[in-house]
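Comments concern the structure below.
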Amino acid sequence: MAANNGKAVLFVCLGNICRSPIAEAVFRKLAKDNSVVDHWVIDSGAVSDWNVGCSPDARALACLRNHGIETDHRARQVTKDDFATFDHILCMDESNLRDLKKKASQVKNCKAKIELLGSYDPQKQLIIQDPYYGNEEDFETVYEQCVRCCKAFLENYS
């Protein structure tokens, strides 16, 4: 699955229907806009299996559309293979980070660097809060954080 030059990123949240598909779509657009999308494998996943096969939350899709971004992503759960395939696994909060590090400890050939996407935020907002129980403004906040973080991540690794 790794791209020609070995750049592969997986965005992860709890259910893979709000934050991580927004981050994936934002990163994909930034990579396209910078003419480097062909150098990356880009995906997203969930630590849980609650929403496997589902489309992103309607509010996440609406938020992305408001910014001219479309996605056809379907939720999936992170697998053991992901830890050996992806160079970077970027998650949204400390609960995700704990769950991912626990799963990674069970993988012999883990190559992924697992960290918080917010660690790339120039505004230093480390945690990207789950907007699921919130409103459209909360999704917009997630979008804005993802744009800042994904830009910084892409600049760092391109």
Side-chain angles (χ1 to χ4, degrees), residues 1-3 6-31 33-34 36-37 39-52 56-57 59-61 63-64 67 69 71 73 75-107 109-135 137-158:
M1 174 182 266
K7 294 180 183 177
V9 60
L10 180 68
F11 297 95
V12 178
C13 68
L14 181 61
N16 194 214
I17 59 169
C18 295
R19 297 170 290 176
S20 58
I22 289 174
E24 175 193 354
V26 163
F27 186 79
R28 188 177 310 282
K29 181 174 186 328
L30 290 169
D33 290 350
N34 286 281
V36 295
V37 72
H39 301 280
W40 287 90
V41 172
I42 306 163
D43 200 359
S44 64
V47 293
S48 74
D49 63 358
W50 302 336
N51 302 303
V52 170
D57 185 287
R59 296 165 296 173
L61 292 172
C63 178
L64 288 169
H67 294 280
I69 302 172
T71 183
H73 182 78
R76 72 174 189 86
Q77 188 174 24
V78 173
T79 67
K80 284 186 177 181
D81 287 343
D82 290 333
F83 294 96
T85 303
F86 286 91
D87 302 301
H88 303 275
I89 297 178
L90 302 176
C91 60
M92 306 299 149
D93 61 39
E94 294 186 353
S95 176
N96 303 156
L97 190 62
R98 261 190 318 276
D99 291 343
L100 288 166
K101 287 189 173 184
K102 183 177 178 186
K103 286 184 181 194
S105 70
Q106 301 165 5
V107 177
N109 56 345
C110 178
K111 78 169 189 174
K113 182 176 182 180
I114 304 164
E115 55 190 338
L116 292 168
L117 177 58
S119 67
Y120 292 92
D121 190 348
Q123 293 185 14
K124 307 294 185 212
Q125 292 182 353
L126 194 59
I127 303 302
I128 299 176
Q129 297 293 335
D130 192 344
Y132 185 78
Y133 294 105
N135 58 32
E137 288 177 16
D138 298 313
F139 281 84
E140 183 63 25
T141 298
V142 167
Y143 172 83
E144 291 168 4
Q145 285 179 275
C146 287
V147 168
R148 291 193 310 266
C149 297
C150 287
K151 274 184 182 175
F153 175 79
L154 185 61
E155 288 170 6
N156 201 38
Y157 287 100
S158 285

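Panel note: side chain Q145, backbone I127; a donor-acceptor pair is recorded below 3.5 Å. Checking side-chain atoms of Q77 against main-chain N and O of A46 turns up no donor-acceptor pair under 3.5 Å. Without hydrogens or angle criteria, D82 side chain to V78 main chain gives no donor-acceptor distance under 3.5 Å. N34 contributes no side-chain N or O that, together with a main-chain N or O of V36, makes up a donor-acceptor pair within less than 3.5 Å.
Counting only heavy atoms from C-beta outward, the side chains of I17 and Y132 approach each other to under 4.5 Å. By the 4.5 Å heavy-atom criterion applied to side chains, D138 and Y133 are not counted as neighbours. Contact of the K103 side chain with the D99 side chain is not registered, since no non-hydrogen atoms from C-beta on lie closer than 4.5 Å. Here the side chains of I69 and Y143 are in contact, with some heavy-atom distance below 4.5 Å. In this structure the side chain of I42 reaches within 4.5 angstrom of the side chain of F11, judged on heavy atoms. Side-chain contact between F83 and L100: present, with at least one pair of heavy atoms (C-beta onward) separated by less than 4.5 Å. Within the 4.5 Å cutoff, the side chain of C91 has no heavy atoms near those of the L117 side chain.
Note: K101 NZ to Q106 CD = 15.0 Å, rounded to the nearest 0.5 Å. A distance of 12.5 Å separates CG in L90 from SG in C13, rounded to the nearest 0.5 Å. C146 contributes atom SG, which lies 4.5 Å from atom CD1 of I128 (distance to the nearest 0.5 angstrom). Taken from OG in S119 to NZ in K124, the straight-line distance is 9.0 Å, to the nearest 0.5 Å.
Nearest approach of E94 to L116, heavy atoms of both residues: N-CD2, 4.1 Å. The two residues H73 and T71 have their closest heavy-atom pair at N-OG1, 3.2 Å. Shown here for G45 and L10, the closest heavy-atom pair between the two residues is N-CD1, 3.9 Å. Of all non-hydrogen atoms in A75 and G15, the two that sit nearest each other are CB-O, 3.9 Å. Nearest heavy atoms, A23 versus C150: O-SG, 3.8 Å. Minimum heavy-atom separation, L30 to V147: CD1-O, 4.2 Å.
Listed by chain and residue number, D33 satisfy the side-chain hydrogen bond (donor to acceptor under 3.5 Å, both in side chains) test with K29 (two or more places apart in sequence, or in another chain). Every residue two or more places apart in sequence or in another chain was checked for a side-chain hydrogen bond (donor to acceptor under 3.5 Å, both in side chains) with N51, and none qualifies. A search for side-chain hydrogen bond (donor to acceptor under 3.5 Å, both in side chains) contacts involving E115 returns Y120, not counting sequence neighbours. In terms of the salt bridge (charged side-chain N to carboxylate O under 4.0 Å, His left out) criterion, residue partners of D57 (sequence neighbours excluded) are, by chain and number, R59. Applying the side-chain hydrogen bond (donor to acceptor under 3.5 Å, both in side chains) criterion to D121, with sequence neighbours excluded, gives R148.
Among residue pairs with one or both ends in residues 12-25, those qualifying as salt bridge (Lys or Arg N to Asp or Glu O under 4.0 Å) are R19-D93, R19-D130, E24-R28; sequence neighbours excluded.
For E137, the CD atom sits in a loose shell: 12 or fewer heavy atoms of surrounding residues, nucleotides or ligands are nearer than 6.0 Å.
Using a 3.5 Å distance cut-off with no hydrogens or angles, the side chains of D81 and T85 do not pair a donor with an acceptor. For the residue pair E144/H67, the side-chain donor-acceptor check at 3.5 Å is not satisfied.
Remark: aromatic rings of W40 and F153 are close, center separation under 6.0 Å.
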